[in-house]
Q: 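What follows is a structure written as structure tokens; I'll ask about it next.
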Amino acid sequence: MKISVEHIAKLARLSLSEQEKELFSAQLNSIIVYVEKLSELDTKDIEPTSHVLSLNNVVRDDTPRESILRDEALSNAPDHTEKFYRVPKIIE
Amino acid sequence: MELYRLDISEARRLLDKKEITVKELIDSIYQRVDAVENKVKAFMTIAKDHAYKMADAPQKTINSGRSLSLSGIPIAIKDNMCTKGIRTTCSSKILENFIPPYESTVTSRLKDNGYILIGKTNLDEFAMGSSTENSGFFTTRNPWDLERIPGGSSGGSAAAVAADECIAALGSDTGGSIRQPASLCGVVGLKPTYGRVSRYGLVAFASSLDQIGTITKNVKDSAILMNIISGKDSCDSTSAPVAVPDFTRVLGHEIKGLKIGIPREYFIEGMDKEVETSVRDAIKKLESLGAIPVEISLPHTDYAVATYYVLATSEASSNLARYDGVKYGFRAEGKDLMDMYMNTRAQGFGAEVKRRIILGTYTLSSGYYDAYYKKAQQVRTLIKTDFEEAFKTVDAIVTPTAPTAAFKAGEKADDPLQMYLSDIFTISVNLSGVPGISIPCGFTSNKLPIGLQIIGKHFDEESLFKIAYAYEQSTAWHKRRPNI
């Protein structure tokens, strides 16, 4: 089996060099071949585990509380105006 | 005696008796850092000015006679836990200049107890790796042999503790990232039960597996830190509402009659002979202290690494989607938004992170989800059930922590799969959510440390502490220090 690394990388919003495409493609194929060993096991009727604790719907009272100030939240942004994050043009 | 050699309880005693001051202790630690850090390279950030600023308050508390357990104790924090106002990089270029506007719950609890932040330690980028060679900046060295790696991903924290560049440290463990470096550096590393310690402010890697824990010079220090960082936190909905005992209370209790499971799948052909001998000797030692070894089976052990690499990479691909060059972190130029995303992530992430994002995106992608992700979740259930079955007959399980002692830098760097297999004995513990501790249990003929892993039931860290302490007190491995 051959994985199309280029397509997957695009889904993950990663641009890859030609060299990376080749390297990752070979490495991922060998990892996937290794992972295929899971298919040796019969898992019919086995419940999947997504989480090891039996915690469900942890909620808190809907009361306002302090949060990070806007200036603090913007302080690490690569580009921002006084109130907003700024990004490259989205709509033509 | 050099003050940097102290452990938490001895430093506590000297500080409280006014034989030393907080400033003297910090001085000694930074003298040690100045002397060895250029060789060990444990720290991403050394927070010297900040540390001295933190010193006054705990000194006052001590002078008033009401010291807390960590008043004035210098501690290092893995650089994937947010420290307000102090750069937190995750050893990634993408967060190189990130200054958190908030404090993680664990460091905030340490702060409330008067700790001194010495610095932020190096790790494999986003905690993905077993050697720190995946750090976006540099590789930390093993204080026992500078040509070798310290293990990972909490390699910086483990090396800093082993080299006496701090009194204790925090790490995080997703597949062995506390226990494996602790084993390779000859220190004590505890991964608590999933849910025992809040992850608020821990940079997320694989959220169903990540857990913060301790790296210390001995078992008692681990118990002291766990008393502070454990417990429900309203900021982390996955922290469990389970009562926190005083973990130091069980230290010194005898282990007579405790049943210790020895899983046959963990003593495999091809494992390092010196590691096997040390671990077998440790089991005999535990037996001589009254524990009863019982051979057990964890039949799905062989599938753990494959299960882990599907689940951890899937979760990572989702968690790391947030690094888009918009809200924080590095941004690259691009002709439009999509181009900016693609370039930012291409330039900001290192090779291993990209590899895992791609693998995780693949296993979650349409058409493959059932075959890989769901399948791995089902196998996870089988692995978890293995432990539940075993714990019906034994109180704890004992295994090697890692299949070999520390390997040389570069030895496995080109083969991701070989690197993944160095976590073979630690991964099932994360998949099952149970706690595990690694303690020193011997040395190879090359004078490299070997670790013993003790695994317990959910929320039964007390049994781990009891057994680990009994073993430690009857041996002298933990007293050896690297000659550096």
Q: Please flag which part of A/Leu69 lies under 4.5 Å from any non-hydrogen atom of chain B: side chain, backbone, both or neither.
A: neither

Q: Any chance the side chains of A/Thr43 and B/Lys375 put a donor and an acceptor closer than 3.5 Å?
A: yes

Q: Can you list the steps and then say if A/Arg13 with B/Met338 is a side-chain contact (heavy atoms from CB on, under 4.5 Å)?
A: CA-CA 8 Å; A/Arg13 304 290 183 260; B/Met338 177 63 117; 3.3 Å; yes

Q: With a 4.5 angstrom heavy-atom cut-off, could you sort out which part of B/Ala376 is near chain A: side chain, backbone, both or neither?
A: both

Q: How far does CG of A/Leu38 sit from OH of B/Tyr372, to the nearest 0.5 angstrom?
A: 9.5 Å

Q: Check each atom of A/Glu72 against the heavy atoms of chain B and say whether the ones under 4.5 Å are side chain, backbone, both or neither.
A: both

Q: With side chain to side chain donor-acceptor pair (under 3.5 Å) as the test, would you mind laying out the steps for B/Tyr303 and A/Glu40 before giving the verdict?
A: CA-CA 10 Å; B/Tyr303 299 93; A/Glu40 293 166 11; 2.7 Å; yes

Q: Taking all non-hydrogen atoms of both residues into account, name the closest pair between A/Leu41 and B/Val379 and its distance.
A: CD1-CG1, 3.7 Å

Q: Examine whether an atom of A/Lys37 lies under 4.5 Å from a heavy atom of chain B, and if so say whether it belongs to the side chain, the backbone or both; otherwise answer neither.
A: both

Q: Has B/Lys354 got its NZ or CZ under 6.0 Å from the middle of the six-membered ring of A/Phe24, at an angle within 45 degrees of the ring axis?
A: no

Q: Counting only non-hydrogen atoms closer than 4.5 Å, does B/Tyr373 touch chain A with its backbone (N, CA, C, O), its side chain (CB onward), both, or neither?
A: neither

Q: Taking every heavy-atom pair that is under 4.5 Å apart, which of A/Leu11, A/Leu74, A/Leu14, A/Val35 has the most such pairs with chain B?
A: A/Leu14

Q: Tell me, for A/Ser30 versus chain B, whether the close heavy atoms (under 4.5 Å) come from the side chain, the backbone, both or neither.
A: backbone

Q: Can you pull out the residues in residues 314-326 of chain B with any heavy atom less than 4.5 Å from chain A?
A: B/Gly325, B/Val326

